[in-house]
Amino acid sequence: MSEENRSDILTVSEQQPKAEGKKLQFNLIHDYPQKNAELLSSQYGFNIFLAGLLLMFAWAIHAVGITDRDLLSYLITLMLIQMIWMLWYIFRSQSFRRSNIEKDTDAGARWLRCGITLFAVITLILDSFKIGYYIGYSECLSITEGIFPVTHTVHTLLQVYFLWFHAKDIIQSFKTLERFGLIHAVFTNLLLWANGILTESKHELNEHKERLITLGFSNITMDHHTPECNCTSSVCSIFSQGIYYLYPFTIEYHILASTMLYVLWKNIGRTVKHHQQQKIHFKFHGITIGTVLGLIVLTTTVAVLVVYLIQIGRSKSKSELALNMFYLYAITVLILMCTSAVIGLIIYRLENKSLDDSESPAKKLDSDLLVGSACGSWLISWGSILAIICAETHPEYTWYNLPYSILVIIEKYIQNLFIIECINRKEEEPTDERSERIFSVSTRSNLSLASSSYDVINDSVTICNKEFPYISNSEVPVAEDCAEEQRSQDNNNSIRLTPCKVSIHTTRPAKLNKKRRVLKNIAAFLFLCNISLWIPPAFGCRPQYDNGLEEIVFGFEPWITVVNLAMPFSIFYRMHSASSLFEVYCKA
């Protein structure tokens, strides 16, 4: 008998390693694609992005055999592939719309989707201008210049719809395929963003060269891409000039779309801890001082921009006056912004609250983008400081340029701390008083409460661990396992409930204390100031081009290359800071 038992044990022990080996092998086969999909898809994205950048570079330097037709064909192909994937995802999501799809409450905020919709509308206007421009010069332009804006229009409409309804999704099926589709969408938008920057930068550089020629500089080569035929319409000049005023908006649209798609890509297969998310509400209350000061700065910015664009390049004296005016205005605004951000930081530090340690891709991306995009203006500022130190002659505006460059570095440093400190703060849980009561419910709204206890929080009712929005004069749903229903036709169809615990939640309006009011005013002021500082470089006010000091020290082409590479990040920083400060205002 013992020998038989021993043989059975040996048999089982021999079979067990085989079973474990098979299970391990199956798990490796099953998990291998999921563990490597993020790496594989990111490498795919980087390759299509680098190929597109190389095409742009070849077109910009007029490489032999590379024309704008090749670049536009590549971008059209990428957009078509992305549209096919988005349509597949939308149709698949609608077919399984009844299933519960997990959502990331930190991603795709409503105000962010409204912002990207606004930029998308202006992008559609830009596409219509391009279509009109192509129609006017259709005799000598490539057909790809007509196909591109049409494709881009459809791509914009479909992408905005996709982001509105699916930006919060946490994808748990077809994960490998979805990773490739999303990373393709991310880098397609980055390439469209880079293409817009390149086109707009070439236009700004040509305008700068024209001003230099007016001031008497020689040996300057213009780089015009004008058609070689006459326009068949009288509005071609309006289209050609209007296009460049709309480029800043389409540039912001594509970078916002790529960030939202990147968060969606990072959320694939993610496990989210379910917690009650506090909704962000915008209330225009108690922010009069911050709003008034911000609007004054915004109005002054528009006036300074108009005067600068009129005066710069007319003569040497007028150019210097325009530069002095801009630097004095910018120094004043930056000092006010630094002071406001420091006050906000002090208030946050005095509260001594813990930071949110949850791993949220949206919050991490916001922080990384703030620091990363700030590097663009930091690079330009350090270049200006070095040029001022090394220059042999120092015009009058140099002594305004030096404090301006230093303040740009300090202001972004302090503002980043202020924004990141607020975004990563743990949300306050509302204080509540709990009590429960026993009651009976009637279909005719007869509600009687016995002595016990109830819970007051958010205009909601929790009956037997199930929450309902509110108690109204309609029927109140009740769980079957919580009570017995005893219907009686003689008693007005009342529903009798056995005693159970009920939680009734009612909202108590929180009064805005002094600290909250100060923080809201600071956030509103900084929001409008960042919008104000976004406007000048986005619409052609770039003293880094016009003061000439850096060009003398570093050389014309090297410095222009640095500015063209760094300026897009500086412009994006202001818009991203504004969106983050809006979130700070809503949370404060």
Inset, instruction - I would like to know whether Ile125 and Ser128 meet side chain to side chain contact (heavy atoms under 4.5 Å, CB included); could you show each step before the answer? - result: CA-CA 5 Å; Ile125 298 174; Ser128 65; 4.3 Å; yes
[X] versus [Y], closest heavy-atom pair with distance:
X      : Y      : value
Ser42  : Leu39  : OG-O, 2.8 Å
Ile522 : Gly344 : CD1-N, 3.6 Å
Phe554 : Gly383 : CE1-O, 3.3 Å
Ala341 : Ile414 : CB-CG2, 3.5 Å
Ser577 : Ile419 : O-CD1, 4.2 Å
Met325 : Val304 : CE-O, 3.6 Å

Are the aromatic ring centres of [X] and [Y] under 6.0 angstrom apart?
X      : Y      : answer
Phe569 : Trp193 : yes
Tyr44  : Phe187 : no
Tyr133 : Tyr137 : yes
Trp534 : Phe527 : no

Inset, instruction - Name the orientation class of the two ring planes belonging to His155 and His152 (parallel below 30°, tilted from 30 to 60°, perpendicular beyond 60°). - result: parallel
[X] side chain to [Y] backbone, donor-acceptor under 3.5 Å:
X      : Y      : result
Lys520 : Tyr585 : yes
Thr199 : Gly196 : no
Thr250 : Leu246 : no
Trp265 : Glu38  : no
His184 : Gly45  : no
Ser570 : Ala566 : no
Arg314 : Ile310 : yes
Ser240 : Ser237 : yes
Asn189 : Val186 : no
Thr398 : Pro395 : yes

Could you verify whether a donor N or O on one side chain and an acceptor N or O on the other, from [X] and [Y], lie under 3.5 Å apart?
X      : Y      : value
Tyr253 : Gln159 : yes
Tyr74  : Asn195 : no
Tyr573 : Gln415 : yes

Inset, instruction - Check whether more than 12 heavy atoms from other residues, nucleotides or ligands sit under 6.0 Å from atom OH of Tyr308, and answer yes or no. - result: yes
Inset, instruction - May I ask you to check whether over 12 heavy atoms, not counting those of Leu295, lie within 6.0 Å of atom CG? - result: yes
Side-chain heavy atoms of [X] within contact of [Y], under 4.5 Å:
X      : Y      : value
Leu309 : Phe539 : no
Ile409 : Lys412 : no
Asp366 : His576 : yes
Leu334 : Tyr404 : yes
Ser315 : Lys318 : yes
Cys541 : Phe326 : yes
Ile346 : Ile343 : no
Ile143 : Phe148 : no

Find the distance between [atom1] ([X]) and [atom2] ([Y]) and round it off to the nearest 0.5 Å.
X      : Y      : atom1 : atom2 : result
Glu411 : Asn416 : CD    : CG    : 8.5 Å
Phe582 : Asn530 : CZ    : CG    : 14.5 Å
Leu533 : Cys529 : CG    : SG    : 6.5 Å
Leu191 : Leu50  : CG    : CG    : 9.0 Å
Ile147 : Leu72  : CD1   : CG    : 10.0 Å
Phe129 : Asp127 : CZ    : CG    : 11.0 Å

Inset, instruction - Please step through side chain to side chain contact (heavy atoms under 4.5 Å, CB included) for the pair Phe249 and Leu126, ending with a clear verdict. - result: CA-CA 9 Å; Phe249 299 98; Leu126 173 63; over 6 Å; no
Inset, instruction - Start with the C-alpha gap between Ser405 and Asn401, add the side-chain angles, then the distance that decides, and say whether side chain to side chain contact (heavy atoms under 4.5 Å, CB included) holds. - result: CA-CA 6 Å; Ser405 301; Asn401 188 9; 3.2 Å; yes
Salt bridge or not for [X] and [Y], using N-O below 4.0 Å?
X      : Y      : result
Arg69  : Glu145 : no
Arg542 : Glu200 : yes
Glu421 : Arg349 : yes

Legend entry - Leu198 vs Asn564, side chain to side chain contact (heavy atoms under 4.5 Å, CB included): CA-CA, chis, key distance, verdict: CA-CA 8 Å; Leu198 178 61; Asn564 284 337; over 6 Å; no
Legend entry - With sequence neighbours excluded, residues passing ring pair (Phe, Tyr, Trp, His ring centres under 6.0 Å) with Tyr397: none
Legend entry - side-chain hydrogen bond (donor to acceptor under 3.5 Å, both in side chains) assessment of Tyr329 paired with Thr301: CA-CA 8 Å; Tyr329 147 79; Thr301 301; 2.4 Å; yes
